[in-house]
J.: 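What follows is a structure written as structure tokens; I'll ask about it next.
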Amino acid sequence: GKYCTQKYSTHEVEAIYHALKVTRNKYPMDLRGIGLANESWIVKYKAKYVLFEMIIQLLELYYHFKQNIFQNLLLM
């Protein structure tokens with residue numbers, strides 16, 4: 001089954017915010033997707049699912065950003 005992403009317990013919210021805060025403070029911008037994956041391993045259940053979805057989105061954005069820079073360099 002899927003997790004309900006409409007409602008979160010206080011513990012789940014705290015776990016998500018803590019992982020995001022640690023990642024922001026500990027990892028440089030270009031390593032935050034990997035850093036978030038590293039910091040998420042201790043989180044359980046729905047909160048881990050939410051963090052892994054964020055990781056996927058971060059890595060997709062990073063990939064598209066890098067791809068656009070590369071394409072712009074090729075057009076110069």
Side-chain angles (χ1 to χ4, degrees):
K2 291 186 175 184
Y3 290 111
C4 174
T5 56
Q6 302 299 317
K7 297 180 182 179
Y8 298 93
S9 70
T10 303
H11 174 72
E12 290 166 339
V13 171
E14 288 174 358
I16 292 168
Y17 279 128
H18 178 74
L20 292 172
K21 182 179 176 183
V22 168
T23 300
R24 186 182 64 233
N25 293 332
K26 191 174 180 180
Y27 299 92
M29 185 63 110
D30 59 334
L31 295 177
R32 285 196 182 155
I34 295 169
L36 187 54
N38 188 47
E39 299 301 325
S40 298
W41 283 113
I42 61 169
V43 178
K44 302 244 185 222
Y45 308 116
K46 183 168 55 173
K48 182 183 263 186
Y49 170 80
V50 170
L51 289 167
F52 281 5
E53 288 296 317
M54 289 178 177
I55 292 164
I56 291 167
Q57 291 176 9
L58 275 172
L59 292 176
E60 285 176 351
L61 286 172
Y62 182 74
Y63 171 75
H64 289 297
F65 176 74
K66 288 290 189 178
Q67 187 178 29
N68 287 340
I69 289 175
F70 184 69
Q71 287 175 350
N72 287 339
L73 288 174
L74 288 176
L75 296 174
M76 293 180 146

J.: How long is the straight-line distance from CD of E14 back to OG of S9, given to the nearest 0.5 Å?
T.: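 Going from OG on S9 over to CD on E14, the span is 8.5 Å.
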
J.: Could you note down all residue pairs passing salt bridge (Lys or Arg N to Asp or Glu O under 4.0 Å) where residues 20-41 supplies at least one of them, sequence neighbours left out?
T.: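 Qualifying pairs, neighbours excluded: K26-E39.
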
J.: Does the side chain to side chain contact (heavy atoms under 4.5 Å, CB included) test come out yes or no for M54 and I16, once each step is laid out?
T.: CA-CA 10 Å; M54 289 178 177; I16 292 168; 4.3 Å; yes

J.: Can you give me the closest heavy-atom contact between A19 and L51, atom names plus distance?
T.: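 Taking A19 first and L51 second, the nearest heavy atoms are CB-CD1, 3.7 Å.
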
J.: I'd like to know whether Y27 forms a side chain to side chain contact (heavy atoms under 4.5 Å, CB included) with L36, so could you lay out the CA-CA distance, the side-chain angles of the two residues, the decisive distance to 0.1 Å, and finally the verdict.
T.: CA-CA 9 Å; Y27 299 92; L36 187 54; over 6 Å; no

J.: Show, in sequence, the C-alpha distance, side-chain angles and deciding distance for V50 and E53, and conclude whether the side chain to side chain contact (heavy atoms under 4.5 Å, CB included) test is met.
T.: CA-CA 5 Å; V50 170; E53 288 296 317; 5.8 Å; no

J.: Would F52 end up clustered with V43 when hydrophobic side chains under 4.5 Å apart are linked, directly or stepwise?
T.: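 F52 and V43: one cluster.
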
J.: How many angstroms lie between atom NZ of K7 and atom CD of E12, to the nearest 0.5 angstrom?
T.: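 Those atoms lie 12.5 Å apart.
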
J.: Quick check for you: to the nearest 0.5 Å, what is the distance between L20 atom CG and H18 atom NE2?
T.: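 It comes to 10.5 Å.
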
J.: What closest approach, in Å, do S40 and I55 show between heavy atoms, and which atom pair accounts for it?
T.: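 Answer, listing the atom of S40 first, then I55: OG-CD1, 4.2 Å.
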
J.: Count I, L, V, M, F, W, Y as connected when their side-chain heavy atoms are under 4.5 Å apart, and connections chain through other members. Are I56 and L59 then in the same cluster?
T.: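 Unlinked, I56 and L59 end up in two clusters.
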
J.: Can you tell me how far CE of M29 sits from CG of L58, rounded to the nearest 0.5 angstrom?
T.: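 One finds 8.5 Å between CG of L58 and CE of M29.
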
